[in-house]
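Not measured: the values here are computed from a predicted model. In the text below, chain A, chain B and the rest are named by the order of the sequence lines, each starting its count at 1.
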Amino acid sequence: MDTININYLEDKFRKLQSSTSDDILNNIRKEGFKAFNKNGIPSARNEEWRFTSVGNLFKKEYDLSADNLKITASDIDAIRLPGSGNADELVFVNGRFIPELSVIRSNEKECIIMPLEDAVKSEYQDLVNEHLGKSSLFIKDGIHALNTSFIYGGVFIHLNKNQVLEHPVYLYHLSDTRINHTLAQPRSLVYVDQSAKLQLIESFTTVGSMDSFTNGVMEIVVNTNAIVEYYKIQNDVVNASQVTTTHVRQIGKSYAHGVTISLNGGLIRNNMNIVMEAEGNEAHLYGLYLLKGNTHVDNHTLVDNTKPNCFSNEFYKGILDDNASGVFSGKIFVRPDAQKTNAYQSNKNILLSDNATINTKPQLEIFADDVKCSHGCTIGQLDEEALFYLRTRGISKEHAQSMLLGAFAEDIVMQIKNEPLRNYVEKLIFDRLSVN
Amino acid sequence: MKEELDVLEQTVSSDYKYGFVTDIDTDVVPKGLNEDVIRIISEKKNEPEWMLNWRLKAYAHWLKMEEPEWANVHYPPINFQDVIYYAAPKKKKQLGSLDEVDPELLKTFDKLGISLSEQKRLSGVAVDVVMDSVSVATSFKKQLSEIGVIFCSMSEAIQNHPDLVKKYLGSVVPMTDNYFAALNSAVFTDGSFCFIPKGVRCPMELSTYFRINTLGSGQFERTLIIAEDEAYVSYLEGCTAPMRDENQLHAAVVELVAHNKSEIKYSTVQNWYPGDENGKGGIYNFVTKRGICQGNDSKISWTQVETGSAITWKYPSVILKGDNSIGEFYSVALTNHMQQADTGTKMIHIGKNTKSRIVSKGISAGKSQNSYRGLVRAGKNAINARNYSQCDSLLLGDKCGAHTFPYIESKNKTAIIEHEATTSKIGEDQLFYCRQRGIDAETAVALIVTGFAKEVMNQLPMEFAVEAQKLLAISLEGSVG
Amino acid sequence: MLSIKNIHASVEGKQILKGIDLEVKAGEVHAIMGPNGSGKSTLASILAGREEYEITEGSVSFLGKDMLELSPEDRAREGLFLAFQYPVEIPGVSTTNFIKTALNEKRKYHGQQPLDAVSFLKLMKEKMQLVEIDKSLLTRSINEGFSGGEKKRNEIFQMAMLEPKLAILDETDSGLDIDALRIVANGVNKLRNNERAIIVITHYQRLLDYLQPDFVHVLVNGRIVKSGTKELALELEEKGYDFIKDELSLAEAV
């Protein structure tokens with residue numbers, strides 16, 4: 001099929017709506033589907049999707065269900081990440097949170113983890129109602145709306161007041177494509193209450209030879225004096241594509257730290273949004289895309305300063321080999337009230353092959369005058385001087401190159417504060433760059 | 001150091017200085033746009049058939065196009081049927097020399113600070129003046145023609161150098177390029193034509209002054225500059241318009257062609273009427289400017305100082321096709337009151353070892369919005385392409401906006417592209433330092449802004465630099481709270 | 001010339017100056033010394049007219065005028081000069097152009113014609129020699145990329161050009177090596193005359209060795225706690241500020 005095929009989705013949407021009874025989620029899904037119909041699949045004419053032809057992903061029909069799955073405990077063992085031994089491990093299969101496969105080690109005093117369907121019927125009903133779906137105000141494309149149309153089997157994470165969670169929360173996304181192409185649409189709402197600290201790690205794995213497409217949305221709400229660390233590791237197979245959105249709202253003076261590592265996959269689009277809704281917020285966003293083959297990675301970031309005295313720093317780096325292509329689009333908004341904003345953004349790229357491409361677009365939109373904002377981006381090669389210096393010390397050219405690329409990547413990797421995870425990512429990068 | 005100071009001193013309390021209307025007879029084609037209007041324009045200009053056909057083709061294409069909406073500017077829809085597409089100062093007879101130009105017109109140019117006579121002759125600038133729609137006089141033509149330089153109005157070029165016009169017109173900006181370029185191609189009325197033959201270094205600055213005079217008229221000039229192998233030319237363009245309550249439309253096209261080892265330097269001081277402080281009136285300035293470094297080792301350099309217009313939509317670009325060619329863009333864009341500017345450049349690297357440099361300085365004051373939008377593209381074969389971009393924004397007051405939209409695309413691993421941008425406001429400590437030395441706040445702001453823009457101002461020919469500085473200071477008036 | 005009476009000043013609600021009295025006459029050199037945070041630079045700032053400071057009490061008259069009513073630029077035009085502790089950089093504005101603007105603004109204020117280019121250059125040359133400043137500094141953007149010493153020398157050069165009636169040197173010695181200090185001090189000494197008063201604000205004795213002040217005042221905690229001749233500075237150098245503080249607490253205890 002070479003035309004976009006989305007008609008079957010309507011049918012699936014109706015079935016889902018009639019099979020569930022909860023009003024809150026039903027209404028959110030209804031609004032979502034309305035928006036999906038209105039906006040459709042973004043084309044290259046949509047400025048935000050100029051370099052990422054997501055339309056190609058919609059030319060096949062996907063299985064949206066998570067029924068009849070044969071995922072076993074050993075499948076899960078294969079995807080556990082280092083450091084998981086004392087973590088909360090949340091398993092999603094084809095976009096559905098599966099409590100039976102998950103391991104929750106936190107006690108209820110620390111952290112509440114439950115399916116979204118349960119959360120809307122619990123004491124957290126009002127909280128969910130208030131915060132679920134706010135990202136739709138910022139991302140108004142059909143893809144995001146599609147996730148909202150199919151909110152089902154999502155997860156709600158509530159970190160209680162004053163809880164500094166010593167262990168991380170891992171979210172493993174598993175796509176089973178042994179029978180059909182699958183479209184997984186995980187949805188999560190995370191609420192970090194006052195003076196609490198949470199570390200979230202997401203990873204993605206596809207099992208099977210058919211195509212997987214993950215269209216995920218995670219909304220994180222951070223309250224006063226809270227700290228959230230968020231890590232996304234993308235090291236899937238080439239028939240795995242994804243559009244995943246992480247929408248962080250800092251509703252009280254708080255600290256957010258995000259690192260996105262993209263190493264393998266088909267077409268990858270990361271939307272990373274930070275909305276500074278309170279005075280004195282601080283956010284740090286980092287990203288590394290180390291790409292080869294035909295992998296395409298598109299990092300879209302938004303830092304929206306709506307209140308004064310916020311600080312943000314963004315640093316994304318890319319190394320592109322073979323036919324890989326990369327996109328960086330960073331937007332810093334400074335609203336009229338957001339005086340004394342300090343916002344920095346930097347994007348550095350190295351192209352290693354004749355067929356690699358990078359498109360970068362760092363943007364500033366500033367409506368307040370007392371601000372310090374800057375952005376910079378570079379596209380280039382490894383420093384010839386440094387390369388030469390290493391070679392004069394007897395290091396082979398290939399080895400010297402891998403050393404320098406490793407050092408280039410390390411700036412980002414060192415921002416992973418979870419040590420086992422950092423070591424793991426360092427090893428992945430080392431193996432990738434090392435000379436045989 | 002040609003007295004920045006004196007310039008600033010003269011800026012005390014003046015409004016838009018160039019907002020006078022010249023009372024001269026004009027020959028006007030009724031409002032509106034259709035094939036017949038195009039035929040009338042072509043006929044009035046006594047154009048050959050190929051030119052008319054070219055226009056009609058562009059018009060047919062324009063009808064199928066949509067007005068672009070991607071720029072960060074907002075304005076009520078333009079009624080293209082409410083625009084006068086042709087307004088020429090009525091000629092009593094064919095003009096033989098400057099002496100025969102309507103004295104009222106000459107007075108206008110005196111007010112503008114352009115004297116077409118001896119004064120300029122001494123300073124060595126050849127001037128072509130376009131009033132509303134037609135070119136009224138070109139000075140120095142004879143001296144230039146002795147060395148083979150053709151500098152005349154586009155109308156004359158169509159009559160006298162049809163082969164050159166046919167060859168180059170639309171070769172850099174095709175009639176289908178964009179909405180406003182298509183409109184211009186259909187209705188352009190005049191403009192300057194400039195041809196520098198092989199090996200000639202044009203000994204003087206060539207200059208055109210554009211002025212919109214007639215109420216409700218649009219100006220659609222078309223400029224074409226060709227530098228043959230090893231030729232050099234520096235070209236200056238100035239623009240003014242009278243104060244009018246209504247918005248007036250300006251949609252120009254400028255095309256530059258640089259052959260092997262040639263260089264074209266194009267400088268603009270744009271001071272169209274920006275509207276009053278409530279945003280009433282002012283020029284809508286939708287301009288397509290593009291040059292191509294066709295030959296190896298060629299160079300095109302755009303310098304612009306943009307202080308006028310209610311809306312500016314303008315991206316002087318360079319296509320770096322020849323190997324080792326160089327493209328430059330130096331820009332100061334100042335917006336005040338309700339002005340909106342969306343301006344920048346495109347540097348398209350195609351050839352090997354091509355270099356480009358972008359220096360953009362945006363200054364926003366009042367309730368204005370100032371956007372830089374630029375594209376740097378290194379194509380697959382652009383081996384060793386280099387670009388350096390620096391975009392700085394300065395904010396004065398908390399009601400204005402500064403925006404930066406750079407697009408950077410590379411398909412070549414040997415290309416090196418660097419982009420830096422900063423946004424800041426004038427520091428309180430800078431202002432205080434100046435005031436402690438006895439410099440009042442308004443002068444201090446003008447001084448600091450001029451300093452901020454210096455890197456670009458330095459690129460302007462001396463005479464223009466002085467005028468540009470004056471303009472910056474005038475445009476900033478009332479911006480210090 | 002300058003008469004400060006009972007000045008109280010605060011910044012962001014915090015009281016910094018708690019009643020300063022000082023009389024400075026033409027031709028005099030006064031040194032104001034004090035430990036960090038005593039309010040020395042605040043005093044300089046309120047005299048120059050920095051707006052962040054709120055004057056809650058007291059008065060300042062300068063050449064018979066109520067100085068607190070004047071804008072910073074009018075104080076400068078009346079003849080007040082502040083050599084900044086941290087001179088600010090203004091990119092793209094050449095030092096020459098800057099000084100010329102300042103000088104002509106002042107002349108305009110006093111009803112004089114602006115200096116023409118030739119006379120200005122002549123004046124500049126003369127003063128350059130006086131304060132031993134390198135010509136190349138003057139074509140560069142003001143203070144941009146200047147070393148600490150160059151910035152301070154540039155301040156003294158501006159003082160020479162603007163010929164103030166009262167100059168306040170705010171920690172002009174800070175961050176200078178001994179050679180730079182000597183050059184700066186020599187420059188200031190050459191600018192001393194019977195009509196010009198100078199207030200030197202400093203933490204250390206070393207600049208005073210060169211300048212030989214007529215009076216020394218010690219500022220502690222927002223008040224002048226002791227005044228004397230240059231010997232007081234030597235005593236301070238020897239015994240440190242603590243001895244004053246001790247004396248003070250003794251006095252307060254009584």
Engineer: What heavy-atom pair brings C:V93 and B:L447 nearest, and what distance separates the two atoms?
Structural biologist: CG2-O, 3.2 Å
Engineer: Is C:N143 in contact with chain B via its backbone, its side chain, both, or neither, using a 4.5 Å heavy-atom distance?
Structural biologist: side chain
Engineer: Going through the checks in order, is the side chain to side chain contact (heavy atoms under 4.5 Å, CB included) test met by B:C434 and C:E73?
Structural biologist: CA-CA 8 Å; B:C434 293; C:E73 56 268 36; over 6 Å; no
Engineer: Are the aromatic rings of B:Y433 and C:Y86 close, with centres under 6.0 Å apart?
Structural biologist: no
Engineer: As an exercise, state the distance from CD of B:Q430 to CD1 of C:I90, rounded to the nearest 0.5 Å.
Structural biologist: 5.5 Å
Engineer: Is C:L162 close to chain B through its backbone or its side chain, or both, or neither, when contacts mean heavy atoms under 4.5 Å?
Structural biologist: side chain
Engineer: Quick one: does any side-chain atom of B:R437 pair with a main-chain N or O of C:T101 as donor and acceptor, under 3.5 Å?
Structural biologist: no
Engineer: Quick check on C:L80 against chain B: is it the side chain, the backbone, both or neither that has a heavy atom closer than 4.5 Å?
Structural biologist: both
Engineer: Please say whether more than 12 non-hydrogen atoms of neighbouring residues, nucleotides or ligands are located less than 6.0 Å from NZ in B:K355.
Structural biologist: no
Engineer: For C:F84 and B:F432, take the angle between the two ring planes, folded into 0 to 90°, and tell me which bin it lands in: parallel under 30, tilted 30 to 60, perpendicular over 60.
Structural biologist: perpendicular
Engineer: How many angstroms lie between atom CD1 of C:I99 and atom CD1 of B:I439, to the nearest 0.5 angstrom?
Structural biologist: 9.5 Å
Engineer: Would you indicate whether C:K190, at its atom NZ, is surrounded by more than 12 heavy atoms from other residues, nucleotides or ligands within a distance under 6.0 Å?
Structural biologist: yes
Engineer: Does some side-chain heavy atom of C:S94 sit less than 4.5 Å from a side-chain heavy atom of B:K454?
Structural biologist: yes
Engineer: Search all heavy atoms of B:G438 against all heavy atoms of C:A76 and return the closest pair with its distance.
Structural biologist: N-CB, 3.3 Å
Engineer: Measure distances from C:P87 to the heavy atoms of chain B and classify the residue's part below 4.5 Å as side chain, backbone, both or neither.
Structural biologist: both
Engineer: So that I can tick it off, tell me whether B:R435 and C:E105 are bridged by a salt bridge, with the cut-off set at under 4.0 angstrom between side-chain N and carboxylate O.
Structural biologist: no
Engineer: Before accepting this row, confirm whether a basic side-chain N of the pair C:R50/B:E428 lies closer than 4.0 Å to the acidic partner's carboxylate O.
Structural biologist: no
Engineer: Considering only heavy atoms, which portion of C:E52 lies under 4.5 Å from any heavy atom of chain B: side chain, backbone, both, or neither?
Structural biologist: neither
Engineer: So, are B:D440 and C:R77 salt-bridged, with charged N and O less than 4.0 Å apart?
Structural biologist: yes
Engineer: CG of C:D66: more than 12 outside heavy atoms within 6.0 angstrom?
Structural biologist: yes
Engineer: Shorter than 4.5 Å, heavy atoms on both sides: which option in C:E78, C:K106, C:E155 has the most such pairs with chain B?
Structural biologist: C:E155
